[in-house]
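Naming convention: chains lettered A, B, ... in sequence-line order (proteins, then strands); numbering from 1 in each chain.
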Number of protein chains: 2
Amino acid sequence: MDTNEVTIHHIAEILGINSSTVSRALNNSPRVTQKTKDKVLKKATELGYQRNHLASNLRKSKTFTLGVIVPRISRHFFASAIAGIEETAFKAGYNVIICQSLESLEREQSIINTLLANRVDGVLISISMETKNYDHLKGLKQRSIPFVFFDRHCNISGNSKVVIDDFDAAFKATEHLIKKKSTEIAHFSGPQNLEIYKNRFLGYKAALEKYSVPFREELVITSSLMEHDGAENVKKMLALPYKVDGLFCANDVVAIGAIQYLKSVHVKIPEDIAIVGFSNETTSSVIEPALTTINQSGLEIGNVATSLLLQKISNESKKNSNETIIVKTNLIERKSSLRKV
Amino acid sequence: MDTNEVTIHHIAEILGINSSTVSRALNNSPRVTQKTKDKVLKKATELGYQRNHLASNLRKSKTFTLGVIVPRISRHFFASAIAGIEETAFKAGYNVIICQSLESLEREQSIINTLLANRVDGVLISISMETKNYDHLKGLKQRSIPFVFFDRHCNISGNSKVVIDDFDAAFKATEHLIKKKSTEIAHFSGPQNLEIYKNRFLGYKAALEKYSVPFREELVITSSLMEHDGAENVKKMLALPYKVDGLFCANDVVAIGAIQYLKSVHVKIPEDIAIVGFSNETTSSVIEPALTTINQSGLEIGNVATSLLLQKISNESKKNSNETIIVKTNLIERKSSLRKV
DNA sequence: CTGTTAGCGCGTTCAG
DNA sequence: CTGAACGCGCTAACAG
């Protein structure tokens with residue numbers, strides 16, 4: 001019943017040499033004649049030999065595998081981040097195990113155990129919204145498995161992370177609205193225990209301050225990150241005793257819901273209200289016709305985070321570094337061509 | 001420099017018993033006293049023991065890992081399919097290696113080799129558009145590694161696949177348009193070497209025939225699957241000497257481009273033109289306000305495909321079965337609430 | 001119920 | 001330059 005796997009022993013036997021030599025030849029060791037190398041290689045391809053990474057990895061105690069933990073694969077930002085991760089990892093000969101925490105701390109813990117059991121060489125992690133203590137990360141530290149946060153990170157120092165410059169992005173966004181003559185600028189925010197939403201909020205506030213636009217607590221509407229929150233937020237916003245003429249939306253999904261609801265109640269965008277929001281490839285189709293967006297490239301963050309992690313893996317001295325790489329964003333103002341909607 | 005990994009030998013030594021007993025205890029074998037089990041388990045957690053799956057897998061020659069090959073992770077349909085795959089796999093204690101072919105046959109081949117080297121227990125694959133010969137799949141067959149196609153499949157018989165009922169979906173879509181009194185129904189199609197687009201085309205044609213609506217070759221506009229193709233297609237369509245009043249769009253991305261362009265030239269949807277198109281969670285935000293959609297659940301397909309694969313893996317007799325599971329779709333007609341856009 | 005022995009397939013000593 | 005022997009960590013088979 002077992003599949004007839006070809007091993008180095010088989011090809012050694014056929015060639016009348018020792019399996020060690022075969023191993024060395026296959027690894028292109030300088031201590032083997034080119035002649036035997038050729039012989040071995042030929043036989044190997046002939047028999048359809050395929051190195052057993054399991055055994056090899058066990059021996060070398062290295063797996064060439066990275067663990068990736070994201071809240072949810074189907075959120076486009078994470079999907080494109082994974083694409084970036086996979087791209088960089090693949091080029092360096094690494095595989096990737098993708099796991100979703102589904103925003104649950106418990107699952108996050110169990111995933112980390114799985115990754116440990118699989119002896120991954122490193123971990124990339126974007127923490128769940130629920131996660132507020134980081135005990136489960138100690139397991140990684142103990143085994144000195146390097147890990148890098150991306151996008152969502154924790155505020156404990158001594159860790160490497162790759163994040164977008166949320167403060168700066170939010171500042172620019174709000175500044176943009178102010179320059180467009182908005183005076184009552186609402187801010188749809190996300191869970192404040194997540195650094196990114198906190199920083200976006202702070203950037204918003206800082207811009208208001210700089211331009212002496214009064215900050216109003218009520219104009220900051222926080223919600224979880226569901227599309228229907230967009231509509232809910234708009235309802236709350238319209239019920240306020242201010243004529244809101246600008247909106248900075250800290251989350252793309254919420255922005256979609258908000259824009260659709262605004263349109264449904266006949267608010268004109270951008271005439272009645274100017275909006276700036278975060279976006280990404282897919283949601284941009286919805287958001288962009290209506291507003292200026294902040295481009296948030298998952299692909300780039302994935303790439304950067306992975307090469308940082310690979311550095312830590314290969315460079316022993318960098319193992320305990322705690323860099324923070326900040327990926328800058330830029331505002332993309334809509335061209336008028338599609339605004340005729 | 002090596003991390004001090006705790007092995008079953010360590011804990012065996014400390015407890016003064018044999019490592020096999022520890023192994024059995026950890027595997028909850030019935031052939032070990034509850035007492036020793038408790039002892040072992042306690043010591044294990046105390047020392048922070050973590051089973052080395054590599055060694056275990058090597059011994060058992062089973063990896064509890066599935067390979068997944070998709071054209072592109074960041075396409076939402078595949079992202080949600082992966083979510084479904086991961087979900088079902090995780091529940092059954094399986095890990096998943098995600099790979100992207102990026103629509104390249106060459107990469108597809110190389111990926112399969114990697115998966116073979118990693119000794120995956122099974123493979124889920126959605127073939128690239130470029131793939132027209134299937135020699136690289138022979139490697140899987142040779143090693144009798146079960147595999148299941150999903151969504152995009154090849155037309156070679158003797159394989160298991162999970163697909164949506166494209167013919168039926170297209171038929172229903174076209175029928176819906178006909179019942180809405182459309183008489184000149186255009187069809188935006190995709191590459192005809194892919195079964196799904198062929199079947200969608202055939203379903204469209206069959207519906208026209210059934211209701212004796214004349215079929216016009218020119219109304220079928222085929223393109224690759226880029227968003228800008230949507231606009232291009234619309235331009236071609238509007239240049240035709242027919243007053244098109246219905247459109248069946250076989251691809252969501254193209255649909256987005258088409259709708260946006262139609263709106264930009266002041267065509268009213270659905271008054272001037274009724275549209276039915278395939279959609280998924282994300283694009284639905286864009287498409288749904290405008291048209292009736294065919295729900296295409298990546299999650300469900302992922303789930304179904306994975307459980308089929310797991311069956312083949314565990315059930316020796318099912319290994320060489322060649323089932324085709326057809327996941328039905330349903331039309332979702334827009335409620336009017338959001339149509340006020 | 002537990003211990004002993006023997007590998008899974010490979011890479012790395014140490015000899016020659 | 002090559003061969004022999006050992007062990008990575010775990011589990012299956014066979015004893016007792």
Side-chain angles (χ1 to χ4, degrees), chain A residues 1-41 43-44 47-65 114 116-121 143, chain B residues 1-41 43-44 47-65 93 116-121 143:
Chain A
M1 67 145 268
D2 230 20
T3 59
N4 38 340
E5 304 272 11
V6 183
T7 75
I8 51 172
H9 299 291
H10 296 144
I11 105 158
E13 199 176 5
I14 294 178
L15 259 43
I17 57 176
N18 193 280
S19 55
S20 320
T21 312
V22 177
S23 171
R24 282 193 275 258
L26 257 23
N27 287 313
N28 200 22
S29 157
R31 311 189 324 170
V32 178
T33 333
Q34 189 58 44
K35 214 167 149 186
T36 46
K37 270 185 198 173
D38 291 343
K39 229 176 23 177
V40 169
L41 224 64
K43 209 46 159 186
L47 299 178
Y49 168 79
Q50 200 91 32
R51 172 196 258 106
N52 186 331
H53 279 186
L54 251 69
S56 170
N57 292 339
L58 174 61
R59 186 62 240 249
K60 297 196 286 194
S61 63
K62 181 153 174 39
T63 55
F64 293 98
T65 301
T114 307
L116 285 175
N118 279 293
R119 298 297 191 269
V120 292
D121 294 336
R143 286 193 171 57
Chain B
M1 68 145 266
D2 231 18
T3 59
N4 36 341
E5 304 272 11
V6 183
T7 75
I8 50 171
H9 298 293
H10 296 143
I11 105 157
E13 198 176 4
I14 294 177
L15 259 42
I17 57 176
N18 192 281
S19 56
S20 311
T21 311
V22 176
S23 171
R24 283 193 277 257
L26 258 23
N27 286 312
N28 200 20
S29 157
R31 312 189 324 171
V32 179
T33 333
Q34 189 58 44
K35 216 168 150 185
T36 46
K37 271 186 198 171
D38 292 341
K39 232 178 17 181
V40 169
L41 223 66
K43 209 51 166 183
L47 299 179
Y49 169 80
Q50 201 90 34
R51 168 195 264 112
N52 187 331
H53 279 186
L54 250 66
S56 170
N57 291 340
L58 173 60
R59 186 59 238 248
K60 296 197 284 195
S61 63
K62 180 155 175 40
T63 55
F64 293 98
T65 301
L116 285 175
N118 280 292
R119 299 296 191 270
V120 293
D121 294 337
R143 286 194 171 57

* Can you check the B:Lys60 NZ to D:dA12 P distance for me, whole Å? -> 7 Å

* Short question: side chain of A:Asn52, backbone of A:Leu54 - any donor-acceptor pair under 3.5 Å? -> yes

* Name the nucleic acid region contacted by A:Thr7, choosing base, sugar-phosphate or nothing; use a 4.0 angstrom heavy-atom cut-off, strictly under. => sugar-phosphate

* Asked: So, B:Ser29 side chain and B:Arg31 main chain: donor-acceptor pair closer than 3.5 Å or not?
  -> yes

* To do: Tell me which nucleotide among D:dC10, D:dC1, D:dG7 gets nearest to the side chain of A:Arg59.
  => D:dG7

* **For atom NZ of B:Lys39 and atom C1' of C:dC1, their distance in whole Å** => 12 Å

* **Main-chain N/O of B:Leu58 paired to B:Ser61 side chain as donor or acceptor, under 3.5 Å** => no

* For B:Arg51 and for B:Arg31, locate the closest nucleotide of DNA chain D by heavy-atom distance; then report the residue assigned to the nucleotide nearer the 5' terminus. => B:Arg51

* To do: State whether the side chain of B:Thr65 and the backbone N or O of B:Thr63 hold a donor-acceptor pair below 3.5 Å, judged by distance alone.
  => yes

* Could you tell me whether the side chains of A:Lys37 and A:Asn28 share a donor-acceptor contact shorter than 3.5 Å? => yes

* Structure fact -> Nearest-nucleotide check on DNA chain C, B:Ala55 vs B:Asn18; residue mapping nearer the 5' end is B:Asn18

* What's the CD1-P distance between A:Ile17 and D:dC1, to the nearest Å? -> 15 Å

* To do: Report the distance from atom CD of A:Gln50 to atom C1' of C:dG9, rounded to the nearest whole Å.
  => 14 Å

* Indicate, yes or no, whether a donor-acceptor pair under 3.5 Å links the base of C:dT4 to the side chain of B:Ser20. => yes

* Would you indicate, yes or no, if D:dC8 has its OP1 or OP2 atom less than 4.0 angstrom from a side-chain nitrogen or oxygen of A:Ser61? => no

* How close or far is atom P of D:dG9 from atom CG of B:Leu47, stated in whole angstroms? -> 15 Å

* Asked: A:Leu58 has a side chain; which of C:dC1, D:dC8, C:dT13 sits nearest to it?
  -> D:dC8

* Answer with base, sugar-phosphate or nothing: what part of the nucleic acid does B:Asn27 contact at a heavy-atom distance below 4.0 Å? => sugar-phosphate

* To do: Would you tell me if any nitrogen or oxygen in the side chain of A:Ser19 comes within less than 4.0 Å of OP1 or OP2 on D:dG3?
  => no

* To the nearest Å, give me how far apart NE2 (A:His9) and P (D:dA4) are. => 13 Å

* Structure fact -> Atom CG of B:Asn28 and atom C1' of D:dT11 are separated, to the nearest Å, by 16 Å

* **A:Tyr49 side chain near C:dC10 phosphate (N/O to OP1/OP2, under 4.0 Å)** => yes

* For A:Asn52, report the nucleic acid contact type (base, sugar-phosphate, nothing); a contact means any heavy atom under 4.0 Å. => sugar-phosphate

* Asked: Is the side chain of A:Asn18 donor-acceptor paired with the backbone N or O of A:Ser20 at a distance under 3.5 Å, no angle test?
  -> yes

* So, does the side chain of A:Arg119 form a donor-acceptor pair with the base of D:dG9 at under 3.5 Å? -> no

* **For atom CG of A:Leu116 and atom P of D:dG9, their distance in whole Å** => 15 Å

* Structure fact -> Per nearest nucleotide of DNA chain C, the residue lying toward the 5' end, A:Arg24 or A:His53, is A:His53

* Residue-phosphate contact under 4.0 Å: B:Ser23 side-chain N/O, D:dT11 OP1/OP2 -> yes

